[in-house]
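Each remark here refers to the structure printed beneath this line.
Fair warning: this is a prediction, and the values are worked out from it, not measured in the lab.
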Amino acid sequence: MLKEYRSIISISGPLLLVEGVEGAKYEELVEIRLDDGSIRNGRVLEVDRDHALVQVFEGTSGIDLENTRVRFMGRGAHMYLSPDILGKVFTGLGKPKTENDRIIAEKSLDINGSPINPYARDYPNEFIQTGISTIDGLNTLVRGQKLPVFSGSGLPHNRIAAQIARQSAVLGKKEEFAVVFVAIGITFEESQYFINDFKKTGAINRSVLVLNLADDPAIERIATPRVGLTCAEYLAFEKDMHVLVILTDMTNYCEALKEVSAARKEIPGRRGYPGYLYTDLATIYERAGRIKGRKGSITQIPILTMPEDDKTHPIPDLTGYITEGQIILSRSLHKKRISPPVDVLPSLSRLKDKGIGEGKTREDHADTFNQLYAAYARGKEVQELAVILGEAALTDIDKIYYKFAEDFENQYISQGEYENRTIEETLDLGWRLLSVFPRAELKRVRDEFLDKYLARFKKDEDNQEGPGA
């Protein structure tokens, strides 16, 4: 029989301090029964002799110090799981969103997971196709990788997240693929957009949605990504599926962490965030990966909005240290109505070389990527030069680069929200754009690929121009 306590001595923000407690443990689940009979949930944050500091998920408003009863459950927060979680929507605490989302549980797992032994980790080396050219062609996502998207307030990161969730697939032999979509601190309107979009396109059938709304208690956000990752670990390592986890928006998670830290009266670090922000983020991001001898894998795309578009802000800065690259969205491209507005030049996937090439994407992928990147970088320099000196000061070859940069943004970077490009279409589009250059300018592509691909697209262009061109 679990013992109940009526010994709350103080309330501070989302925290309760209970005295006279016997045998409480860190991360232990707590049940709080209010005077009106309603029940709230919490967990133990700190234990000091017979005092326990409890974090209340639903907030502390309405809690009466004298009549509220606290019961320590003797276990950590768990998520109930079965293969039926696919196609279901859960709250940020892992509870079914509606009656239709209830499942018959096969087992339950602690939402904090177990750390992966570094020696048991397998190196990410297989391509995941997202259908978005700027990711597949230039910042390739590899199975088992952590590749964040750095966005800004007002940029269409949620639509990009939904597009990736809809379109992502693993190529080659038939593999079971699932998406765990975790939304942290989003509005009701955004929540409905995701649910309706997933149902309309059929993506819901292979997805698990974990949604924490903006009007839910901020404290619930701390559990939300862990609930989603517990679902992913179950599907990947017990059901042998390849799982893509999309976490949006990690900035809301960090703000909740900051709120709890302030309530605990901890000494703040950079910009008021707790000094352990790096460690805490690592406990989330490092749950991605592959394990030797296991068929399944977890790939992560965390999405975060940079406050004031500042890449040096603690959240993107620390995220960049833990993850393997970043995809940065550009406000200037968004103003030009280019969507998705991916800023190609500062974006990077550190593991892209492991997931491309013959047998994975195509033999010419690395060379095409390098040449497109170099040509676009020079094209942007020429555009800046034209602003200062005028277009009349440009050489003939400069004018080709100038036009290439425009075409690259309008045709390669920009694509429809429901336009799903295969990797072959993306690579062919790159060659089509590069075919405007004289062969001597394509110094980053091997001659064998120039002979095989460039000639084909030059020939196609000549045929389109016609005999009287």
Side-chain angles (χ1 to χ4, degrees), residues 127-142 171-172 333 338 340 342-349 351-386 391 394-416 419-469:
F127 172 67
I128 290 180
Q129 181 175 285
T130 65
I132 299 174
S133 291
T134 45
I135 298 177
D136 294 347
L138 305 175
N139 300 289
T140 311
L141 180 64
V142 181
L171 303 183
L333 287 177
I338 289 170
V342 176
D343 196 350
V344 168
L345 299 179
S347 295
L348 168 71
S349 170
L351 298 180
K352 65 179 179 295
D353 293 335
K354 306 297 178 186
I356 63 176
E358 193 169 2
K360 294 176 182 176
T361 53
R362 205 168 73 183
E363 56 185 353
D364 58 311
H365 192 157
D367 289 19
T368 311
F369 154 76
N370 287 328
Q371 189 62 63
L372 284 169
Y373 193 99
Y376 181 57
R378 182 167 170 188
K380 295 302 287 182
E381 289 175 1
V382 169
Q383 287 181 348
E384 290 175 11
L385 191 65
E391 289 190 36
L394 302 180
T395 64
D396 289 342
I397 195 67
D398 283 344
K399 289 174 182 175
I400 296 176
Y401 278 103
Y402 185 102
K403 181 70 165 57
F404 170 84
E406 284 185 343
D407 291 343
F408 183 78
E409 288 177 354
N410 292 323
Q411 296 176 36
Y412 194 98
I413 296 177
S414 187
Q415 69 181 85
E419 183 182 354
N420 187 359
R421 295 176 184 166
T422 65
I423 187 60
E424 287 78 14
E425 289 171 338
T426 290
L427 293 171
D428 287 349
L429 177 58
W431 277 109
R432 191 172 294 113
L433 291 168
L434 290 172
S435 66
V436 300
F437 292 107
R439 181 169 173 141
E441 286 295 312
L442 304 177
K443 301 182 181 74
R444 295 175 182 270
V445 185
R446 280 168 274 187
D447 287 337
E448 59 192 276
F449 299 143
L450 290 173
D451 294 338
K452 184 173 180 180
Y453 296 100
L454 184 65
R456 186 173 76 190
F457 287 100
K458 288 257 189 209
K459 187 178 177 183
D460 289 346
E461 277 195 351
D462 293 341
N463 290 339
Q464 285 173 8
E465 287 175 3

Tyr412/Val342 under side chain to side chain contact (heavy atoms under 4.5 Å, CB included): CA gap, chis, key distance, verdict: CA-CA 11 Å; Tyr412 194 98; Val342 176; over 6 Å; no

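- Looking at residues two or more places apart in sequence or on another chain, you find a side-chain contact (heavy atoms from CB on, under 4.5 Å) between Ile338 and Leu333, Lys336, Glu409, Asn410, Ile413, Ser414.
- Between Leu394 and Ala386 the shortest heavy-atom distance is CD1-CB, 4.1 Å.
- Taking CZ of Phe437 as the reference point, atom CD1 of Ile400 lies at 7.0 Å (rounded to 0.5 Å).
- Among all heavy-atom pairs drawn from Leu454 and Ser435, the shortest one is CD1-CA, 3.7 Å.
- Going from atom CG of Leu348 over to atom CG of Leu138 covers 11.5 Å, rounded to the nearest 0.5 Å.
- Taking all atoms of both residues into account, the shortest heavy-atom contact from Trp431 to Phe449 is CH2-O, 3.8 Å.
- Side-chain N or O atoms of Gln415 include one that pairs as donor or acceptor with a backbone N or O of Ser133 at under 3.5 Å.
- Between the CD atom of Glu441 and the CG atom of Leu434 there is a distance of 11.5 Å, given to the nearest 0.5 Å.
- Annotation: the span from Asp367 atom CG to Arg362 atom CZ amounts to 11.5 Å, rounded to 0.5 Å.
- Sparse packing is recorded around CD of Glu358, with 12 or fewer heavy atoms of other residues, nucleotides or ligands lying under 6.0 Å away.
- Between Lys380 and Leu345 there is a side-chain heavy-atom pair separated by less than 4.5 Å.
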Val382/Lys399 under side chain to side chain contact (heavy atoms under 4.5 Å, CB included): CA gap, chis, key distance, verdict: CA-CA 8 Å; Val382 169; Lys399 289 174 182 175; over 6 Å; no

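- Across all their heavy atoms, Ala405 and Gln383 have their closest contact at CB-NE2, 3.5 Å.
- Rounded to the nearest 0.5 angstrom, Asp353 CG and Phe369 CZ are separated by 7.5 Å.
- Looking at Asp136, its side chain never comes within 3.5 Å of a backbone N or O of Gln129 through a donor-acceptor pair.
- Here the side chains of Glu363 and Glu448 are not in contact, with every heavy-atom distance at 4.5 Å or above.
- Using a cut-off of 4.0 Å between Lys/Arg side-chain N and Asp/Glu carboxylate O, Asp428 and Arg421 are scored as not salt-bridged.
- A salt bridge links Arg439 and Asp451; the closest N-O separation between the charged side-chain nitrogens and carboxylate oxygens is under 4.0 Å.
- Rounded to the nearest 0.5 Å, atoms CD1 (Ile128) and CD1 (Ile423) are 13.0 Å apart.
- Of all heavy-atom pairs spanning Val142 and Leu351, the tightest one is CG2-O, 3.3 Å.
- Sparse packing is recorded around CZ of Arg444, with 12 or fewer heavy atoms of other residues, nucleotides or ligands lying under 6.0 Å away.
- Lys352 contributes no side-chain N or O that, together with a main-chain N or O of Ala366, makes up a donor-acceptor pair within less than 3.5 Å.
- The environment of Lys403 atom NZ is sparse: at most 12 non-hydrogen atoms of other residues, nucleotides or ligands sit within 6.0 angstrom.
- The ring-ring contact (aromatic ring centres under 6.0 Å, His included) check on Phe127 picks up nothing, with sequence neighbours excluded.
- Across all non-hydrogen atoms, the minimal contact from Ala375 to Phe404 is CB-CE2, 3.5 Å.
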